Amino acid sequence: MSGKFIMSLDQGTTSSRTIIFDKNQTIISKCQQEYPQIYPKPGWVEHNPLDIYNSQYSTAIDSMLQADISPSDIAAIGITNQRETTIVWDRDTGIPVYNAIVWQCRRTADLCEELKKDREFTQYVKENTGLLIDAYFSATKIKWILDNVEGARERAESGNLLFGTVDTWLVWKLTDGKVHITDCTNASRTMLFNIHTLKWDKKILEKLGIPESMLPEVKNSSEIYGYTDILGTKIPIAGIAGDQQAALFGQLCFDKGDVKNTYGTGNFILMNTGTKPAESKNGLITTIACAIDGEVTYALEGSVFVGGAVIQWLRDKMRFFSSAQDADYLGAKLMASEGVYFVPSFTGMGAPHWDMYARGSIFGLTRGTTREHIIRAALEAIAFQSMDVINAMSADINDEIGVIKVDGGASASELIMQFQSDITNKKLIRPVIAETTALGAAFLAGLAVGFWENRDELKNSWVLEKTYTPKMDRAEAQKLIKGWEKAVRCTKMFSED
Ligand code: ADP
C-alpha cells in the first residue's frame, strides 16, 4: 500500500461525485457532475448506464487533477451508489440491453400488487430478504427487462446477459469486464438475496423467472475485488456499500443500537442491529449494514420519501423563497407553527405508515396563517416523519434509542435539528464531515488495504461539529405530537377510497 489517499466514488441518483480523502479523513478534492434523468412516461425513471459510468469516470480524473495528484497516490478506491437501480448488459459486448431502471421507477407497481396476492410468497419474501414486495427493489425491474426487451429472455437463459446494481456496473466497467461482483449491502436491496444464507434465493428467482447465471458474485463490503487501470497505474477497488449503508458506516455506527438519520431529498434512518437480523413488526425493513471478513452486520431501515424535497417544493412550486437556507430563516421568525401541520406525502407515505395512495395535506389554516407558518410546519414535518420511524425502531427493539447521528443537506437546518431533538427527546450529533456516504465507502476501502488499521483508528479522527439536546417542555412536545398524529390520521383517511 503506497498511496497517500483514498478515492471515493459516490454514484448518486442525480449526479456522480468523487471525493478524495487523506488519512485524517480530510477532503482533499471533490468533483461532481450531473447527468440526464430520463422520464419516458409518468412514474417511470431511467438513466443511460453509459452516462452513469462516463460522469463517474470523469469526476474521478478531475478530482485527481484538482488535487494535483497522480493515480499512484491513490491507495484504493471505494464505491457507494444509488441502491436498487437495475442494469442488464451483454456479457461479451458490454452493451446495456436497456436503460438503467432507477429505484424511483414505479413501472412494476402492478406486477408487485399481483405478487402480493400470493400471501405465502409475500411472507416468504419478508422472512428471507427482509423486504416488503415493492417496485422500489431490483427484482421486478429485472423481470420487466426480460419480459419487455426483445430477445432478452432468450439471451439471459443462454447465459449471454449480466445483471448488476450500479456498484456492479461500475466495477465491471472499471475492470474492463473482468469482474462481475456486488457486495452484501447492495445484494440485500434486490429482493433476490437471502439475508440469512447469504445466497441468491432460488425460490424467488424461480417465481420471477430470473436465471441465476445473470447475477453477480456476492462479496464482503471491504475487500479487494479487482484492479482498475488509470493512466497505466493499477489501483485496487476495495470497498462497496449502498449509499445509506455507507452513511451508517461513515457515521461510525459500528455497534448494535447505533442510529443515523440522513436528511436529504428523503430521510433515511438506519439502526445497526448487530450480527442477527431484527424482524420489524412496525413497518420497517431489515437489511444488511455491511459485511467485513465474512461477518455480517444487519440494520433496520425506515425511509421517509419526502424530506428536504418539501423545501424544494416550497421554493420551486410555491415560490416562497429562492434558496433552501431561507426556509430556516423564515421558519424561525415564528416561535411555533401555531396549530398548522403539513403532511408532505406527495408520493405516498413511506415507513412506518406505507400508504401508497396518500397525498400531501396542510391542516389548521386560519385567516392569520402566513407563509412563515407553512414553511415552519414543513420544516417540522421533516422532523415529525423521522420521529415516526425512530419510534417504530424503538418498538421493534423494545428499547430506547440513545443518540441519533445526523447528516445530509437538510441537517444544516438549525430549526429542524433542534425540533427533532425536542420532539424525540433525544440527543442529536452532527459530524464536521457532512459527506458521510463518501466517507463510509472510503473507510471500507481503506480498511481493506491497510490504509487505516482498524475501526478504532477511524474513531480517533472523527470530529464532532454540533450537538443538539432537548430544550422543549415535555408536555408541550406531547401536545405537538398529538396534533401531528391527528394530521397523519386525517391524511390517510382522505386517501381511503
Ligand atoms: P440528496 O443527496 O438527496 O440530493 P442532499 O443531502 O444534498 O440531498 O440535501 C438536499 C436537500 O436538503 C434538498 O431537498 C434541500 O431542500 C434540503 N435542504 C438543504 N438545506 C436546507 C436547509 N437549510 N433547510 C432545510 N432543508 C434544506
Side-chain angles (χ1 to χ4, degrees), residues 8-19 27 30-35 37 45 47 55 59 80-85 102-104 136 166 242-248 250-251 260-270 303-334 337 342 344 346-347 350 360 371-372 374-386 405-420 428 430-431 433-441 465-466 468:
S8 191
L9 308 182
D10 181 357
Q11 208 301 308
T13 310
T14 53
S15 70
S16 297
R17 301 182 324 147
T18 297
I19 300 185
I27 293 177
K30 180 160 122 177
C31 289
Q32 177 162 0
Q33 210 179 93
E34 290 197 5
Y35 61 94
Q37 307 290 310
V45 190
H47 295 150
S55 58
T59 61
T80 179
N81 55 288
Q82 52 168 319
R83 304 177 299 175
E84 298 100 11
T85 296
V102 178
W103 58 274
Q104 297 155 318
Y136 179 27
V166 169
D243 52 11
Q244 298 310 321
Q245 284 90 338
L248 189 70
Q251 283 276 27
K260 72 92 197 174
N261 188 2
T262 300
Y263 295 83
T265 307
N267 303 341
F268 293 89
I269 303 139
L270 270 78
S303 317
V304 170
F305 299 147
V306 176
V310 67
I311 303 303
Q312 286 169 330
W313 183 78
L314 290 177
R315 183 191 64 192
D316 303 338
K317 303 284 190 218
M318 296 296 107
R319 300 179 190 274
F320 276 6
F321 41 78
S322 57
S323 106
Q325 285 79 357
D326 296 344
D328 228 27
Y329 165 75
L330 293 166
K333 280 188 166 182
L334 299 171
S337 53
F342 192 157
F346 299 142
T347 53
R371 176 180 66 150
E372 283 77 9
I374 292 174
I375 295 170
R376 191 176 174 106
L379 293 165
E380 290 180 354
I382 295 174
F384 275 131
Q385 294 181 99
S386 296
K405 291 181 167 174
V406 299
D407 55 73
S411 74
S413 160
E414 290 292 311
L415 195 153
I416 301 174
M417 293 301 106
Q418 185 56 51
F419 192 73
Q420 186 76 84
L428 265 52
R430 190 172 60 201
I433 295 201
E435 306 287 357
T436 52
T437 307
L439 187 62
E465 193 239 333
K466 187 154 182 184
Y468 297 86

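Atoms within a ligand are numbered from 1 in the order they appear, just like the ligands themselves. Residue numbers start at 1 and run along the sequence shown. Predicted model, so just to flag it, every value in this text is computed and none were measured.
Atom 26 (N) of ligand 1 has Ala410 CB, 3.6 Å as its closest protein atom, hydrogens excluded (heavy atom only). The protein atom (non-hydrogen) at minimum distance from atom 13 (C) of ligand 1 is Gln312 NE2, 3.8 Å. Residue, atom and distance of the protein heavy atom nearest to atom 4 (O) of ligand 1 are Thr265 OG1, 3.5 Å. What sits closest to atom 10 (C) of ligand 1 on the protein, heavy atoms only, is Gly409 CA, 4.1 Å. Counting only heavy atoms of the protein, atom 24 (N) of ligand 1 lies nearest to Ser413 CB, 3.5 Å.
Residue contacts with ligand 1 for Ala324 involve both N, CA, C or O and side-chain atoms from C-beta outward (heavy atoms, distance under 4.0 Å).
Checked by atom type and distance alone, the side chain of Arg376 pairs as donor or acceptor with a backbone atom of Gly331 at under 3.5 Å. Using modelled atom types, no side-chain atom of Thr262 and backbone atom of Asp407 make a donor-acceptor pair closer than 3.5 Å. A donor-acceptor contact shorter than 3.5 Å is absent between the side chain of Asp243 and the backbone of Gly12. A donor-acceptor distance shorter than 3.5 angstrom exists from the side chain of Ser8 to the backbone of Ala438, with no hydrogens or angles considered.
Checked against a 3.5 angstrom limit, the closest N/O atoms of Asp328 and ligand 1 fall outside it. Checked by distance only, ligand 1 and Gly308 come closer than 3.5 Å through their nitrogen or oxygen atoms.
Aromatic pair Phe384/Phe419: centroids less than 6.0 angstrom apart.
When all heavy atoms of Thr85 and Val102 are compared, the closest pair comes out as OG1-CA, 3.5 Å.
Atoms of ligand 1 lying under 4.0 Å from at least one heavy atom of Gly408, given by number and element, are 6 (O).
A heavy-atom separation below 4.0 Å is found between Ala309 and ligand 1.
With no hydrogens or angles considered, no side-chain donor-acceptor pair links Gln251 and Thr436 at under 3.5 Å.
Distance screen at 4.0 Å: atom 2 (O) of ligand 1 has no protein heavy-atom neighbour inside the cut-off.
Under the 30°/60° scheme for interplanar angles, the aromatic rings of His47 and Tyr35 are found to stand perpendicular.
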